[in-house]
Amino acid sequence: YLSRDRDGTLAPSTWGNIDIWLRKTTNVSGNAIQTAAKDIQRDSISTRQSVVHGDLHCQNILVDENEEPWPIDFAWCHDKSSPVLDAVMLECSLKFFVIPHGAELQPLLNIEKYFASKAIPDVSVNDTPYADEINLALLGVIEIRRLAQEEMQIAFEDYRKALFVMTWALRMHSGLSQPYLLGSLAIMAEALGYKA
């Protein structure tokens, strides 16, 4: 886990180590990510409004004996919000929580580059530990994106911005695969035009 100062922010020594790792792994600096986060959070996106679950992650979806999904825990449910909220939260949950944290990072970051450039990617992994678990999660991400683009009519550029902001908001969540999450932020920042 990342070390934090008393106020919960990353300790400077930790951020320095992360920045070195990010530059080696993705060629994007932590500064580029932070700049992207500031800019994109000030930006706006255009989507239709609907009722949203508000906390739609994999632990809030039960699957019955007929393999039908059932969302639970509607405490954050509200109307007149963007459905992109549920879509990007569920994508983050599948990628950074469901994919085993012991999975090899480089294949995941290679896939993330594809996700950053394709609205509805068709991608899978082979010959890597946890391939079956990874591919199941990837199928879920692909279906979420298909629904977001085709059914909810969310533009890919807006989806990417919302996904970046959600990933940024989750960067301190200790239950998620933080190396994958931080690598994903770097890759998305670059795809959105922020360079090292």
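Atoms considered below: every heavy atom in the structure, side chains included; atoms not considered: hydrogens, waters and symmetry mates. The first residue in the sequence is number 1, and the count goes up from there.
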When rounded to the nearest 0.5 angstrom, what is the spacing between [atom1] in [X] and [atom2] in [Y]?
{"X": "M152", "Y": "E150", "atom1": "CE", "atom2": "CD", "result": "11.5 Å"}
{"X": "L90", "Y": "L85", "atom1": "CG", "atom2": "CG", "result": "11.0 Å"}
{"X": "S184", "Y": "I33", "atom1": "OG", "atom2": "CD1", "result": "9.5 Å"}
{"X": "K161", "Y": "L192", "atom1": "NZ", "atom2": "CG", "result": "7.5 Å"}

Any donor and acceptor pair, going by atom type alone, linking the side chain of T35 with main-chain N or O of N31 inside 3.5 Å? yes
Counting distance only, does the side-chain N/O of R145 pair as donor-acceptor with the main-chain N or O of F115 below 3.5 Å? yes
Taking side chain to side chain donor-acceptor pair (under 3.5 Å) as the test, write out the residues that go with [X], two or more places apart.
{"X": "E143", "answer": "R146"}
{"X": "T25", "answer": "W21"}
{"X": "Q41", "answer": "none"}

Sequence neighbours excluded, every pair satisfying ring pair (Phe, Tyr, Trp, His ring centres under 6.0 Å) that has a member inside residues 80-110: F96-Y180
Got [X] and [Y] here, is their nearest side-chain heavy-atom distance under 4.5 Å?
{"X": "T26", "Y": "E190", "result": "no"}
{"X": "D39", "Y": "D43", "result": "no"}
{"X": "I99", "Y": "L94", "result": "no"}

Going by atom type alone, with no hydrogens or angles, which donor-acceptor pairs under 3.5 Å involve a side-chain atom of residues 128-140 and a protein atom two or more places apart or on another chain?
residue : atom : partner : partner atom : Å
N135    : OD1  : V125    : N            : 2.8
N135    : ND2  : V125    : O            : 2.9
N135    : ND2  : A131    : O            : 3.1

So salt bridge (charged side-chain N to carboxylate O under 4.0 Å, His left out) across residues 102-116, not counting sequence neighbours, yields K95-E112
Output all residues satisfying side chain to side chain contact (heavy atoms under 4.5 Å, CB included) with [X], sequence neighbours left out; order by chain, then residue number.
{"X": "Q153", "value": "none"}
{"X": "A119", "value": "Q149, F156"}
{"X": "N66", "value": "D64, E68"}
{"X": "A36", "value": "I40, F164, A189, Y194"}

Taking only residues two or more places apart in sequence, or in another chain, which ones meet E157 in a salt bridge (charged side-chain N to carboxylate O under 4.0 Å, His left out)? R160
Any idea which heavy atoms bring T167 and C92 closest together, and the distance? OG1-SG, 3.4 Å
Given W168, which of L163, L181, L185 fulfils the side-chain contact (heavy atoms from CB on, under 4.5 Å) condition? L185
